[in-house]
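Here the structure is laid out as C-alpha cells; the discussion comes afterwards.
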Protein chains: 4
Amino acid sequence: MAENASSGRLRVGVLGARGKVGAEVVKAVCDADDLDFTVGVDQGDPITSLSESGTSVVVDFTHPDVVMDNLRYCIENGIHAVVGTTGFDEARLDTLRGWLAEHPGTGVLIAPNFSIGAILMMRFSAIAAPFFESVEVVELHHPTKADAPSGTARRTAELIAAARREAGSPPIPDATSTGLEGARGADVDGIRVHGLRIRGLVAHQEVVLGGLGETLTIRHDSLDRVSFTPGVLTGVRRIADFPGLTVGLETFLDLD
Amino acid sequence: MAENASSGRLRVGVLGARGKVGAEVVKAVCDADDLDFTVGVDQGDPITSLSESGTSVVVDFTHPDVVMDNLRYCIENGIHAVVGTTGFDEARLDTLRGWLAEHPGTGVLIAPNFSIGAILMMRFSAIAAPFFESVEVVELHHPTKADAPSGTARRTAELIAAARREAGSPPIPDATSTGLEGARGADVDGIRVHGLRIRGLVAHQEVVLGGLGETLTIRHDSLDRVSFTPGVLTGVRRIADFPGLTVGLETFLDLD
Amino acid sequence: MAENASSGRLRVGVLGARGKVGAEVVKAVCDADDLDFTVGVDQGDPITSLSESGTSVVVDFTHPDVVMDNLRYCIENGIHAVVGTTGFDEARLDTLRGWLAEHPGTGVLIAPNFSIGAILMMRFSAIAAPFFESVEVVELHHPTKADAPSGTARRTAELIAAARREAGSPPIPDATSTGLEGARGADVDGIRVHGLRIRGLVAHQEVVLGGLGETLTIRHDSLDRVSFTPGVLTGVRRIADFPGLTVGLETFLDLD
Amino acid sequence: MAENASSGRLRVGVLGARGKVGAEVVKAVCDADDLDFTVGVDQGDPITSLSESGTSVVVDFTHPDVVMDNLRYCIENGIHAVVGTTGFDEARLDTLRGWLAEHPGTGVLIAPNFSIGAILMMRFSAIAAPFFESVEVVELHHPTKADAPSGTARRTAELIAAARREAGSPPIPDATSTGLEGARGADVDGIRVHGLRIRGLVAHQEVVLGGLGETLTIRHDSLDRVSFTPGVLTGVRRIADFPGLTVGLETFLDLD
C-alpha cells in the first residue's frame, strides 16, 4: 500500500465513477482538503489502474453483478473498500469474510445508508424509545414513490420495537375504539407508521415520542441526493482503523 | 336592553356558570377590561336574574336538554346569546330563526368550535388547497381519545375536498403501488388523514400542502383547554353587530 | 392578437429565455397541457419574433437595463406581460401606467415573488396576526446568504405590523429583563425576526402566532428554485383578465 | 434499611410533600405499581418519621436552607436521596461526598433537571453536533419569562460547543455581511441561540443541525409541569445501584 506515503493524505479511487452517484463521490473526494483522488474506474476500464495509481481506499457504487469481482481485486491488493452497492445477502458477506481472513489488514465497509442524519435519527430513536410511553413514526416523500411506508421508516420502527422489547417496555397506550380504516397508520412490529406523499418534498422522517407532559421529536430532512457524500467520506477516512468486514456506517461514528 | 348604559361596557351573564367550561368563561369575562360580569346561572337558579341584572349578552355552555328554553328566554328578552352547547340540528336552527324573526334586533351565535386557531387553520387550508398539487392532514392527540381521525381533522379534509372540487383541481398524485395496510392513512373525501396518539400531547393538527419545489404547512397546537375563551369573548363583543342567527364563529372574524 | 386563435390555447413567449430562470419557464410552458410555447428571445435575438409568432403573453425574466424597452414593445403590440425582472420603482411603474392607458386591453403584471407558498404564508400571517397576542418570524436559509433577516422575513414582519396597527392590536407581551444581546432577534416594526443559517437548507420561513392556550404556525419551505414556475403559469393564464398594471401576484389568486 | 423487605417493593418518602412539586411526586409514587409511599414530611413534621416508616428512598424538593440538614439525616440513616432542590455549589457537593464516604452503601442524586426529554435532547445534540457543518438552537417560551435565552438553551449550546471543540470541528459557516442587529441571535460559545416568547407556549426547544443536503432536528416540547415526574421515579428506582454522589440524572439512563 502506498497509503499516506509522503503527503500524509489518503489516495482514493472510485469504482462506478461515471454513474450518477459515483460522479458525486469523485467530486466530493476532489473537494476534500485531506484526500487525493487517484482514478475513476467504470465499465470497460482496467481495474488494475487502482493499484498502479497507489490507491489505498476505493469507493464502490457499481452493480450487484460486478461488485464481488471488484472487492476480490481490492482485498487481494490490500486496498480498503467503502461500498454502497446493494445486493449483499449473508452468503456474500460470508464470502467477503473468507477473503478478508487471508488479508487481515484490509477493511471492507458495506453500508445500506450513508446519510449520517438518517443513521443518527434511527439510533437516537432507538435509544430514546424505552424512556417514553408512546412513539410513532411519520415519513414524508414525493408522490412518485412506489412503496409505503418507506424502507427507512420500517427499519426505524423495527429498531424501536427491538429496543422496547429488550427494555421490557409495556405496550403503547391507544384507546382508539372507533374510526376510519387506516387512520392510525400501518403497524410495524407494534409501532404505528404513517406515510405522506406530497409534491415538492424529497425524503423526510419524523419520530415522535411522548411521556407525561412532554414530547421529544427527532426529524431528518433529506433535501438533496448529495446528502450521502459526507457519510462516504467518513467511511473513507476511517476504514483503515476497521480491518475485516463492517456492515453499517454506524460503527465508524463512535456513538457509544 | 341596558346595554352599555352609562359605562359604555357590555354587561355579560353566563348560563352553565358552575360547569367546567362555564367557570372559565366567568373568569375570562371578569378579567376583560371592556366587559362587566353580571350574573351566573346554573341548575336551580332563576333565569330571570339575567334580565333583572341588565345583562345584554349571555354565554351558554349548558346541555342540549335545556339550551332551547334558555334561548327562548334570551330572545324574548332581547338578550344576545353566544352558544357553545352542542346538539343543534336543522330543526332546532329553524325554530331559532322563527323566534328571532319576531325579535329582529337580537342575535344568536351557535358555534361548534370557539378556538380561533382551529378556525383559521381550517379556513387557510381550504383557501390554499386549490393552489397545490398535494395536501394531507395529520392530527396528533393524547392516547385516551376514542375516535380516529378527530372530528376537526375530518371537517378540515371535507372543507379541503370541497374547495378543490369547486376549483376543478385534478386528483392528488400518489404512485403508491405496494405497502402495508394503513400506511397511507384514512381517506376522507379523497384527502388522506393520519392520526397519531402520543402521551403528553393535547390536541394538535398539521395540514401539509405541496407543489413544485415548495410546501406550505399550517399547524394548530391546542395546549390548554382555555384556548376557547378568546373566541367566546370575540363572540360576545361582536354579537350585537350580527342580529339574527349565525352558525360558526368564522363570520365574526371578518376574514373576507 | 392571435390569442387562442383556433386551438383555444394561450401562445406564450419568453424574454430572457436562455437565462437560468427563463430556461425553467420555457420548460414549464412546454410541459403545460393548456399552453403553447412560441419563441424564446434573449440578447441578440429580434424581439419582433414575438409578434410574428402570434404570441399573446410574454414572460420576462431579463435585466433592469432592458426590461422597459421590452415592455414598451409588448404593450404597443398588445402582448400581455408577466414580469419577474427586478428594479421597478414608482417612476417606472408610472411610465408603464402611461403606456397601458393608451392600450387599455393589455395587461402587465410586475411580481417581486412568484412563489405561491410564500405569498400565501405572508397573506395568512397578516390575516391571523390581529387575532393573537404574540407573533414572531423565524427564517432559515443556507449559510452563504449575505443578508439577515431575509427580504421575505422583513416584508412579512412589515405586513404583520401593519395589520396589527390597523386592527388596533395592543403591544406584544414580552417580560424579558435580562439576557444575551441578540437572543430576542431583530426588531422589524415591533415584530421579532430570527434568522438561522444552516448548511443543507434552501429557503424556509415560519411564522409563530400564539394566544391563550393555543398557537398557530404557518411554515413555508422552498426546497427547489423551480418553485416559482407554478406562480408564473398562474400569471400567464390570468393576465388577460387583468388589463392595466398589476403589482404582486396576490391579486390574481382571488384570495378575497 | 427496610428496603424491599417482604414485598420486593421500594418504600419511598417525600420531603417537601406539601409543596407544589412535592405533591406531584407523592401522587406519582402512589400511582406507580412498583413503589410504596411511606410518609410525606414538610415544615413542622418530624423527619424521624422517615426511618420509623421503613423508608428506603427519599425524594427532596424543599429549599436550599434546609436541604443539607435533610440529607445529613438521610445519609446517617442509610436512606438514599433523590434531590431536585437547587443551590448546590462545589462546597456543598464536597460536604456531601464527605458524609457519603462514611456511609458507602448510600446514594445521593443531585439533579438540576428531571425532564428525560430535555436530557436526551441535550445529549443527542452534543453527540450529533460534530457530524454536521451547522448547528443552531431555538428556544420558545411563554412571554412572562424574564431571561433570554433560557438556561437550558445556554447549557445545550455549551455542550454542543464543547463536543465540537473536542472533535476538532471547523468554525460554523456564516456569510452574513449585512443585516439588522440581533437577527442572527445570541452567541453562546460560538453557537447561535434564538429565543421566542409566545403566549400559549410552555417550554420548548429545537436544535437544528445541517450538512450537505440534509438536516437533523431534535425538538423537546414540555407541555405540562408534571413532565419531571417520570425522571424522578427513574431516579428513585435506580439510586440503590449508584452508591455515593451522582450529579445529573444522565448517569442513570445508561445512554452509553
Side-chain angles (χ1 to χ4, degrees), chain A residues 132-151 153-154 157 170-189 191-202 204 206-217 221 223, chain B residues 132-151 153-154 157 170-189 191-202 204 206-217 221 223:
Chain A
F132 292 91
E133 284 182 67
S134 303
V135 51
E136 302 199 14
V137 178
V138 183
E139 52 93 343
L140 312 93
H141 284 82
H142 53 88
T144 53
K145 186 172 179 60
D147 54 323
S150 70
R154 281 191 189 220
I172 293 173
D174 182 359
T176 310
S177 54
T178 66
L180 297 180
E181 210 181 299
R184 293 285 292 114
D187 183 319
V188 176
D189 241 350
I191 307 300
R192 294 285 164 175
V193 181
H194 312 264
L196 280 73
R197 297 293 171 265
I198 301 281
R199 180 77 73 211
L201 290 180
V202 183
H204 315 256
E206 198 163 288
V207 179
V208 185
L209 305 114
L212 204 62
E214 66 173 356
T215 60
L216 180 70
T217 306
D221 291 273
L223 293 96
Chain B
F132 292 92
E133 285 182 69
S134 304
V135 51
E136 303 198 13
V137 178
V138 183
E139 51 93 343
L140 310 93
H141 285 82
H142 54 88
T144 53
K145 186 173 181 58
D147 55 323
S150 70
R154 280 191 191 221
I172 292 174
D174 183 0
T176 310
S177 55
T178 66
L180 297 181
E181 211 182 301
R184 292 285 291 113
D187 182 320
V188 176
D189 242 350
I191 307 300
R192 294 284 165 175
V193 181
H194 311 264
L196 280 72
R197 295 296 170 262
I198 302 281
R199 180 77 73 211
L201 290 180
V202 183
H204 314 256
E206 197 163 289
V207 179
V208 186
L209 306 114
L212 204 62
E214 67 173 356
T215 61
L216 180 71
T217 306
D221 291 274
L223 294 95

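Each chain gets a letter, A, B and so on, in the order its sequence line appears, and its residues count up from 1.
- Counting heavy-atom pairs closer than 4.5 Å to chain A, the top-ranked of the candidates B:L196, B:V202, B:L201, B:V208 is B:L196.
- Of all non-hydrogen atoms in A:R199 and B:L212, the two that sit nearest each other are CG-N, 3.8 Å.
- In the model, B:H141 has a side-chain atom that pairs as donor or acceptor with a side-chain atom of B:E139 under 3.5 Å.
- Interface residue A:L209: only backbone heavy atoms are found under 4.5 Å from chain B.
- Only the backbone of A:V193 has a heavy atom closer than 4.5 Å to any heavy atom of chain B.
- Of the listed residues A:G210, A:G179, A:A153, the one with more heavy-atom pairs under 4.5 angstrom with chain B than any other is A:G210.
- Only the side chain of A:V138 comes within contact range of chain B, with heavy atoms under 4.5 Å apart.
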For B:E136 and B:I191: C-alpha separation, side-chain torsions, deciding distance, then whether side-chain contact (heavy atoms from CB on, under 4.5 Å) applies. CA-CA 6 Å; B:E136 303 198 13; B:I191 307 300; 5.6 Å; no
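- Proximity to chain B (any heavy atom under 4.5 Å) is restricted, for A:T215, to the side chain, taken from C-beta onward.
- A:A148 is linked by a side chain to side chain contact (heavy atoms under 4.5 Å, CB included) to A:R197, B:T176, B:A183, B:R184, counting only residues two or more places apart in sequence or in another chain.
- The greatest number of non-hydrogen atom pairs below 4.5 Å with chain B, out of A:R192, A:E133, A:H142, A:K145, is found for A:E133.
- A heavy-atom distance below 4.5 Å is not found between the side chains of A:V137 and A:H194.
- Residues passing the salt bridge (charged side-chain N to carboxylate O under 4.0 Å, His left out) test with B:R154: none are found, sequence neighbours excluded.
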Candidate pair B:D187 and A:L180, rule side-chain contact (heavy atoms from CB on, under 4.5 Å), full reasoning: CA-CA 8 Å; B:D187 182 320; A:L180 297 180; over 6 Å; no
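- With a threshold of 4.5 angstrom between heavy atoms, A:E181 approaches chain B through its backbone and through its side chain.
- Interface remark: of the candidates A:A186, A:G213, A:G200, A:S150, A:A186 forms the most heavy-atom pairs closer than 4.5 Å to chain B.
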